[in-house]
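Inspection log for the structure reproduced underneath, given as structure tokens.
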Protein chains: 2
Amino acid sequence: MTTYRDVKAAILERIVSREWPPGALIPSEEDLARAHGCARATANRALRELAESGIVERRRKAGTRVALRSARGAVFDIPVVRVEIERAGKRYGYRRLARAEHAADDALIGRLDVATGAPALFVRCLHLADGEPYQLEHRWISLDAAPAARAESFADISPNEWLVREIPYSRAEHAFSAATPEQTERDLLRLGADEPVFVIERRTWLGAAPVTYVRLSHPGARYRMVSRLGDAAA
Amino acid sequence: MTTYRDVKAAILERIVSREWPPGALIPSEEDLARAHGCARATANRALRELAESGIVERRRKAGTRVALRSARGAVFDIPVVRVEIERAGKRYGYRRLARAEHAADDALIGRLDVATGAPALFVRCLHLADGEPYQLEHRWISLDAAPAARAESFADISPNEWLVREIPYSRAEHAFSAATPEQTERDLLRLGADEPVFVIERRTWLGAAPVTYVRLSHPGARYRMVSRLGDAAA
DNA sequence: GAGTGGTCTAGACCACGTT
DNA sequence: ACGTGGTCTAGACCACTCC
């Protein structure tokens, strides 16, 4: 039986061998199905998945071509920080530094995408690995989207973990950057004089409603964010 | 006609409304198909795609559950730098700073994953936006995988762009980090005294053969890498 | 207009893993 | 053992877009 994986591998093999170089036209679904002795749906799934991972580009009538790829689709997993630390074989530590309820001001509106005066909860906390500062978390939670957060002190559980358990989301936006830490941040993360921070920002939505904005900073010199390996490979 | 998108949206809607909270069991493909009056294959595609974007988790026999999601699948596009600059409405500039052929030494072997003594080409160049340094590129190319690079001076075209045009790849690995620049880098990027760099590293393979390792550094305070918005949303 | 991809259907068989 | 997901088939109709 010819599977869609077989077809996918066969196509990838021709691309890799440069028999079909970047820009080349790949046979139509029907031709591929005939050549491999399978149903058109099978060839379709192979091509569709190759297109999803950016290896080929498809257009009706124009056909399927080997993509001239820049470098699309680096996929990153950002795990719960506790899991990340424990997976590295270290002891996880947690300290809540601050918790306060605010009405949204202008600065927050830009980040959390809520209306003026909307109730929001701010939490600052520190995650430690083997007692060493690992990640500093600044978090704003929309109390409209997650009213249950009002009853939670976050003294023992991090907002990160609580949200994962309690509030789903349907859309997320991430940004990565490098920054020079402010004095407070430098002290909390016990950073060296010239050491930068690696910053992950995330905003999530539940349907149309913004749920949370978080800024996670790591000691830059000791942290690397590595992408999941490409799934397109054989 | 009920499409797989309809089914997907209907499921997402119940997740978003918390009718099916994180951890909840979702009806089986067969039940969903019956409920929506569609074929099982249609329900299957809806659930499969939701699983691919990490919204649900599937296990044979155990069924499909709303995922307890950390934050998986932030997808980043890393475009050709020239395109990135031009899309921002700026004038693109390019300067090749160095080009040299080496046999791979230990340091390179760790990064490029080639054998000792394998021939490699090193290129350093600078990309500018409106005359301002934008990105510094350190590149090693395996001459086994891309022998044609030997004939290319890279005086007028960046290795980035040349590789995209000439050599396909089937797998890539990315890492992002923050770093303190060395003096040379600081000068080339015209960085302020305390300004960190945002570093993107990429390794690519063509089948089993390593193709290239590149380190791209940006002025950290002026650069943000933002993820494509989630595709799961309605 | 004609070729290509996009999708649906109804049925089938199999693999896996929980029970 | 049995229920669930994983996949294939053969055929069909439609939508887009290039010529």
Side-chain angles (χ1 to χ4, degrees), chain A residues 1-15 20 22-69 72-73 231-234, chain B residues 1-15 20 22-69 72-73 231-234:
Chain A
M1 170 85 68
T2 305
T3 72
Y4 78 94
R5 287 170 198 277
D6 295 336
V7 179
K8 210 173 153 180
I11 295 168
L12 208 47
E13 154 57 26
R14 302 231 196 174
I15 293 175
W20 294 336
L25 191 62
I26 286 179
S28 72
E29 294 184 353
E30 205 166 351
D31 290 348
L32 283 170
R34 206 171 322 110
H36 287 88
C38 66
R40 197 192 130 204
T42 303
N44 172 273
R45 180 156 180 196
L47 288 172
R48 174 160 35 91
E49 294 201 352
L50 287 169
E52 272 162 17
S53 37
I55 311 272
V56 304
E57 282 169 1
R58 318 195 70 192
R59 263 160 45 226
R60 283 168 153 122
K61 167 73 181 171
T64 302
R65 292 180 176 280
V66 180
L68 296 163
R69 312 198 276 156
R72 48 175 66 188
D231 18 279
Chain B
M1 169 85 69
T2 305
T3 71
Y4 77 93
R5 287 170 198 278
D6 295 336
V7 179
K8 209 173 152 179
I11 294 169
L12 209 46
E13 154 56 25
R14 302 230 198 178
I15 293 175
W20 294 336
L25 190 61
I26 286 179
S28 72
E29 294 184 355
E30 204 164 354
D31 289 349
L32 283 170
R34 206 172 319 110
H36 287 89
C38 66
R40 198 192 128 202
T42 303
N44 172 274
R45 179 154 181 199
L47 288 172
R48 176 160 32 92
E49 294 200 353
L50 286 170
E52 272 161 16
S53 37
I55 310 271
V56 304
E57 282 169 0
R58 318 195 71 191
R59 265 168 35 232
R60 282 167 152 123
K61 169 71 180 173
T64 303
R65 292 181 176 280
V66 180
L68 297 163
R69 311 199 277 154
R72 48 174 67 185
D231 20 278

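Because only heavy atoms are used, hydrogens play no part in the values below, and waters and symmetry mates are left out as well, while side chains stay in. Within every chain, numbering begins at 1; the chains are lettered A, B, ... in the order of the sequence lines, protein sequences first and strands thereafter. Note that the structure is predicted; figures quoted are calculated from it, not measured.
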With respect to the phosphate group of D/dT7, does any side-chain polar atom (N or O) of A/R45 fall under 4.0 Å of OP1 or OP2? yes

So which nucleotide from D/dC18, D/dT7, D/dT9 ends up closest to the side chain of A/R5? D/dT7

Phosphate OP1/OP2 of D/dC18 contacted by A/R59 side-chain N/O (<4.0 Å): yes

May I have the distance from A/E30 (atom CD) to D/dA10 (atom C1'), rounded to whole angstrom? 12 Å

Ignoring backbone atoms, establish whether B/R60 has a side-chain N or O less than 4.0 Å from OP1 or OP2 of C/dA15. no

Proximity to the side chain of B/A41 - top-ranked nucleotide from D/dA10, C/dT9, C/dT18: C/dT9

Please determine whether a side-chain nitrogen or oxygen atom of B/R40 lies at a distance below 4.0 Å from atom OP1 or OP2 of C/dC8. no

Between B/E29 and B/R40, does at least one N-O distance fall below 4.0 Å, as a salt bridge requires? yes

Length of the CG-C1' vector between B/L32 and D/dG6, whole Å: 16 Å

Rounded to whole angstroms, how far apart are CZ on B/R34 and P on C/dA10? 14 Å

With a 4.5 Å limit on heavy-atom distance, are the side chains of A/D6 and A/T42 in contact? no

In whole Å, I'd like the distance from the CG atom of A/N44 to the P atom of D/dA12. 18 Å

Nearest to the A/K61 side chain among D/dG5, C/dT9, C/dA2, which nucleotide is it? C/dA2

For D/dG6, does OP1 or OP2 lie under 4.0 Å from any side-chain N or O of B/R58? yes

Would B/V56 and B/I15 satisfy side-chain contact (heavy atoms from CB on, under 4.5 Å), going step by step from the backbone distance to the final call? CA-CA 10 Å; B/V56 304; B/I15 293 175; 4.1 Å; yes

Atom CD of B/E29 and atom P of C/dG11: how far apart are they, to the nearest Å? 16 Å

Residue B/A62, side-chain atoms from C-beta onward, closest of C/dT18, D/dG5, D/dC16: C/dT18

Rounding to a whole Å, what distance do you find between B/R65:CZ and D/dT4:C1'? 13 Å

Hey, are the side chains of B/I11 and B/R14 touching, using non-hydrogen atoms and a 4.5 Å cut-off? no

Among D/dT9, D/dT7, C/dG5, the one nearest A/A39 by side-chain distance: D/dT9

Give a yes/no answer on whether the side chain of A/T2 brings an N or O atom under 4.0 Å of OP1 or OP2 in D/dC8. no

Can you measure A/M1 atom CE to C/dA12 atom P for me and round it to whole angstrom units? 15 Å

Are OP1 or OP2 of C/dT7 and a side-chain N or O of B/Y4 less than 4.0 angstrom apart? yes

Please report, rounded to the nearest Å, how far the P atom of C/dG6 is from the CG atom of A/L50. 12 Å

Within the side chain of B/R65, is there an N or O that forms a donor-acceptor pair under 3.5 Å with the backbone of B/G23? yes

N or O in side chain of A/T64 less than 4.0 angstrom from C/dG5 OP1/OP2: yes

Give a yes or no answer on whether the side chain of A/T2 reaches the backbone of A/H36 with a donor-acceptor pair at less than 3.5 Å. yes

